[in-house]
Novice: 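This structure is in structure tokens; I'll ask about it shortly.
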Amino acid sequence: MSRIGKAPINVPAGVTITVDKDNLVTVKGPKGELQQAVDADITVTQEDGVVTVTRPTEQKRHKALHGLYRSLLNNMVIGVTEGYKISQELVGVGYRATNTGNTLDLVLGFSHHYVFQLPEEIKVTTTSEKGQTPKIILESIDKQLIGQVAAKIRSLRAPEPYKGKGIKFVGEVLRRKAGKSASKK
């Protein structure tokens with residue numbers, strides 16, 4: 001049996017989970033509300049503050065969906081209670097990030113600026129302190145959406161392996177390469 005799928009989801013105080021007849025799960029909490037459509041074969045039940053996800057058979061497809069939907073529902077519960085936060089830093093001379101509302105303006109060493117309009121579910125803040133690399137901080141209740149947006153921002157200038165210039169996640173360890181070595185004569 002799926003180790004992830006069979007683990008129960010504890011519902012904290014202040015969070016309500018409802019499952020309608022079309023298997024649409026709605027999670028409401030102090031930070032907001034999220035919805036997820038669950039496959040018709042997977043059963044979601046709630047009793048005594050614990051949500052359990054069960055599957056009908058041992059088919060490979062059902063095993064895969066069992067763990068998937070349990071993880072998605074658990075991420076939703078965490079999102080509406082604590083929220084998710086992703087920090088990125090810009091490494092490179094002249095790299096800058098500014099924001100006005102949900103519009104992110106990036107200077108990444110190209111001849112033009114990147115102006116990135118973020119979804120309204122994501123809150124963005126930028127910091128640039130003297131002597132520190134500029135940082136982009138994304139906050140949201142939706143783990144999937146915030147991860148997708150962070151990956152899109154990173155793809156605008158992925159870190160290169162020689163000097164490490166580009167957009168990287170805070171705490172990310174880059175695999176560095178040695179540059180050219182002097183030739184022997």
Side-chain angles (χ1 to χ4, degrees), residues 2-5 7 9-12 15 25 27-37 53 64-180:
S2 169
R3 292 179 192 218
I4 295 173
I9 302 169
N10 295 321
V11 181
V15 176
V25 179
V27 179
K28 292 181 187 172
K31 290 197 173 240
E33 175 182 336
L34 292 171
Q35 291 184 335
Q36 175 68 47
V53 180
L65 292 177
H66 189 207
L68 168 75
Y69 285 118
R70 191 266 176 205
S71 292
L72 290 176
L73 295 178
N74 189 48
N75 289 341
M76 290 166 61
V77 170
I78 293 170
V80 297
T81 54
E82 303 166 20
Y84 290 99
K85 184 176 181 180
I86 294 179
S87 299
Q88 296 176 309
E89 59 185 351
L90 283 66
V91 180
V93 177
Y95 288 15
R96 292 190 311 268
T98 57
N99 71 305
T100 52
N102 264 15
T103 305
L104 186 63
D105 185 13
L106 300 170
V107 178
L108 300 174
F110 296 114
S111 62
H112 56 283
H113 291 233
Y114 277 106
V115 179
F116 200 77
Q117 182 64 41
L118 299 170
E120 57 257 359
E121 294 92 359
I122 294 180
K123 185 180 147 231
V124 63
T125 54
T126 56
T127 61
S128 55
E129 300 165 9
K130 188 169 181 156
Q132 299 286 324
T133 57
K135 290 187 177 27
I136 303 168
I137 300 158
L138 303 170
E139 295 181 56
S140 178
I141 62 172
D142 191 347
K143 185 176 185 178
Q144 185 176 349
L145 181 65
I146 195 172
Q148 186 176 1
V149 169
K152 179 67 178 168
I153 292 171
R154 178 191 160 105
S155 72
L156 298 175
R157 188 74 162 202
E160 52 96 17
Y162 297 102
K163 292 185 178 179
K165 291 171 49 175
I167 301 173
K168 68 176 201 142
F169 295 107
V170 172
E172 178 183 10
V173 178
L174 297 175
R175 193 168 193 191
R176 301 294 289 269
K177 289 183 176 180
K180 291 183 187 178

Novice: Once side chain to side chain donor-acceptor pair (under 3.5 Å) is applied, what residue pairs with a partner in residues 145-154 remain, sequence neighbours excluded?
Specialist: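 Sorted result for residues 145-154: R154-E172.
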Novice: Taking the side chain as every heavy atom from C-beta outward, state whether L90 and R96 have any atom pair closer than 4.5 Å.
Specialist: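 Of all side-chain heavy-atom pairs linking R96 with L90, none is under 4.5 Å.
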Novice: For K28, check side-chain contact (heavy atoms from CB on, under 4.5 Å) against everything at least two apart and list the hits.
Specialist: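 Testing K28 for side-chain contact (heavy atoms from CB on, under 4.5 Å), a comparison that skips the adjacent residues, returns T16, T26, E33.
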Novice: What's the separation between atom OG1 in T125 and atom CG in L138, rounded to the nearest 0.5 Å?
Specialist: 8.0 Å
Novice: Could you grab the distance from atom CG of L156 to atom CG of L108, nearest 0.5 Å is fine?
Specialist: 6.5 Å
Novice: With rounding to the nearest 0.5 Å, note down the distance linking CG in L34 to CG in D142.
Specialist: 5.5 Å
Novice: So does G147 get a backbone contact from the side chain of Y84, meaning a donor-acceptor N/O pair under 3.5 Å?
Specialist: no
Novice: What residues, two or more places apart in sequence or in another chain, satisfy side chain to side chain donor-acceptor pair (under 3.5 Å) together with T126?
Specialist: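 With neighbours one apart ignored, the set is N99.
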Novice: So, using salt bridge (charged side-chain N to carboxylate O under 4.0 Å, His left out) as the criterion, who are the partners of R157 when residues are at least two apart?
Specialist: none
Novice: Less than 4.5 Å apart, side chain to side chain, heavy atoms only: is that true for P119 and V149?
Specialist: yes
Novice: List the atom of V124, the atom of G101, and the distance in Å for their closest heavy-atom pair.
Specialist: CG1-O, 3.5 Å
Novice: Would you please name every residue forming a salt bridge (charged side-chain N to carboxylate O under 4.0 Å, His left out) with E139, sequence neighbours left out?
Specialist: K123
Novice: What pairs with T103 under side chain to side chain donor-acceptor pair (under 3.5 Å), at least two apart in sequence or on another chain?
Specialist: Q117
Novice: Are any side-chain N or O atoms of R176 and backbone N or O atoms of K163, one a donor and one an acceptor, separated by less than 3.5 Å?
Specialist: yes
Novice: As an exercise, state the distance from CG of L174 to OH of Y162, rounded to the nearest 0.5 Å.
Specialist: 13.5 Å
Novice: Hey, does the side chain of S140 reach the backbone of E121 with a donor-acceptor pair shorter than 3.5 angstrom?
Specialist: yes
Novice: For N74, which residues count as a side chain to side chain donor-acceptor pair (under 3.5 Å) partner, sequence neighbours excluded?
Specialist: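 By the side chain to side chain donor-acceptor pair (under 3.5 Å) rule, N74 matches no residue at all.
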Novice: So, using side chain to side chain donor-acceptor pair (under 3.5 Å) as the criterion, who are the partners of E129 when residues are at least two apart?
Specialist: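 Partners of E129 by the side chain to side chain donor-acceptor pair (under 3.5 Å) criterion come out as none, since no residue qualifies.
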Novice: Residues in side-chain contact (heavy atoms from CB on, under 4.5 Å) with L68, at least two apart?
Specialist: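 Expected list: L65, L72.
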Novice: Evaluate the criterion side-chain contact (heavy atoms from CB on, under 4.5 Å) for residue pair H66 and V53; output intermediate values, then yes/no.
Specialist: CA-CA 7 Å; H66 189 207; V53 180; 3.7 Å; yes
Novice: State, with a plain yes or no, whether a side-chain heavy atom of Y95 is found less than 4.5 Å away from one of T133.
Specialist: no
Novice: Hey, could you give me each pair passing salt bridge (charged side-chain N to carboxylate O under 4.0 Å, His left out) that has a residue in residues 80-94? Not counting sequence neighbours.
Specialist: E89-K135, E89-K168
Novice: Applying ring pair (Phe, Tyr, Trp, His ring centres under 6.0 Å) as the test, list every pair that has at least one member in residues 107-151; sequence neighbours left out.
Specialist: F110-H112, F110-Y114, H112-Y114
Novice: Keeping N102 on the side-chain end and I122 on the backbone end, is there a donor-acceptor pair under 3.5 Å?
Specialist: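 Yes; at least one donor-acceptor contact below 3.5 Å.
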Novice: What is the distance from atom CD of Q88 to atom CD1 of I86, rounded to the nearest 0.5 Å?
Specialist: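 CD1 of I86 is found 7.0 Å from CD of Q88.
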Novice: Does a side-chain heavy-atom distance below 4.5 Å link D105 with T100?
Specialist: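 In short, these two side chains do not touch, never coming nearer than 4.5 Å.
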Novice: Looking only at non-hydrogen atoms, find the nearest pair between A97 and P134 and report the distance.
Specialist: N-CB, 4.5 Å
Novice: Tell me whether Q144 at atom CD has more than 12 heavy atoms from other residues, nucleotides or ligands lying less than 6.0 Å away.
Specialist: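 For Q144, atom CD is not crowded (no more than 12 foreign heavy atoms under 6.0 Å).
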Novice: Which residues satisfy the side-chain contact (heavy atoms from CB on, under 4.5 Å) test with P12, sequence neighbours excluded?
Specialist: V15, V77, T81
